[in-house]
Engineer: 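Below are the structure tokens for one structure; questions will follow.
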Amino acid sequence: MKMRFTLTMEDLLVNEKKIDNVVLDWIDEVSQDQILTMSQEWITAKNFLTERMAGLQKVGESSLTIEPIEE
């Protein structure tokens, strides 16, 4: 199924540079199991973003929205 992902991050530290706000928006074809796994990792992993993004050292607030795309 096609899903829209929107990742919003505030108060970032990237390669020693402070950034107020970043929004990443993308569409991907994923299964229900992949969505469930990603959502669970997002909720339970303390450093979910900093472990996956090169140069990202700190994130103040963040949110991940996952919505189905109607075809």
Engineer: Are Leu12 and Met53 close enough, and set up right, to give a side-chain contact (heavy atoms from CB on, under 4.5 Å), and what steps lead you there?
Structural biologist: CA-CA 12 Å; Leu12 296 99; Met53 295 184 172; over 6 Å; no
Engineer: Is it the case that one hydrophobic cluster holds both Leu56 and Trp26, taking links as side-chain heavy atoms less than 4.5 Å apart, direct or via other members?
Structural biologist: yes
Engineer: Below 4.5 Å, heavy atoms only, C-beta onward: do Lys58 and Asp11 meet side chain to side chain?
Structural biologist: no
Engineer: Aromatic rings Phe48 and Trp42: how do their planes relate, parallel, tilted or perpendicular, breaks at 30° and 60°?
Structural biologist: perpendicular
Engineer: Report yes if the side chains of Asp28 and Gln34 come closer than 4.5 Å at any heavy-atom pair, otherwise no.
Structural biologist: no
Engineer: Report, as yes or no, whether the 6.0 Å neighbourhood of atom CD on Glu61 holds more than 12 heavy atoms from other residues, nucleotides or ligands.
Structural biologist: no
Engineer: To the nearest 0.5 Å, what is the distance between CD1 (Ile66) and CG (Leu36)?
Structural biologist: 9.5 Å
Engineer: Could you grab the distance from atom CG of Leu24 to atom OG1 of Thr6, nearest 0.5 Å is fine?
Structural biologist: 9.0 Å
Engineer: Looking at Ile19, Val22, Val59, which hits side-chain contact (heavy atoms from CB on, under 4.5 Å) with Val14?
Structural biologist: Ile19
Engineer: With side-chain contact (heavy atoms from CB on, under 4.5 Å) as the criterion, how do Ile35 and Met1 come out once you've worked through the C-alpha distance, each side chain's angles and the decisive distance to 0.1 Å?
Structural biologist: CA-CA 10 Å; Ile35 294 169; Met1 67 180 64; 4.1 Å; yes
Engineer: Of Lys2, Glu29, Met3, which meets side-chain contact (heavy atoms from CB on, under 4.5 Å) against Ile69?
Structural biologist: Lys2
Engineer: Under 6.0 Å from the CG atom of Asp20, do we count more than 12 heavy atoms belonging to anything else shown?
Structural biologist: no
Engineer: Do Met38 and Met9 sit in the same hydrophobic cluster, where Ile, Leu, Val, Met, Phe, Trp and Tyr count as joined when their side-chain heavy atoms come under 4.5 Å apart?
Structural biologist: yes
Engineer: About how many Å separate OG1 of Thr65 and CZ of Arg4, when rounded to the nearest 0.5 Å?
Structural biologist: 11.0 Å
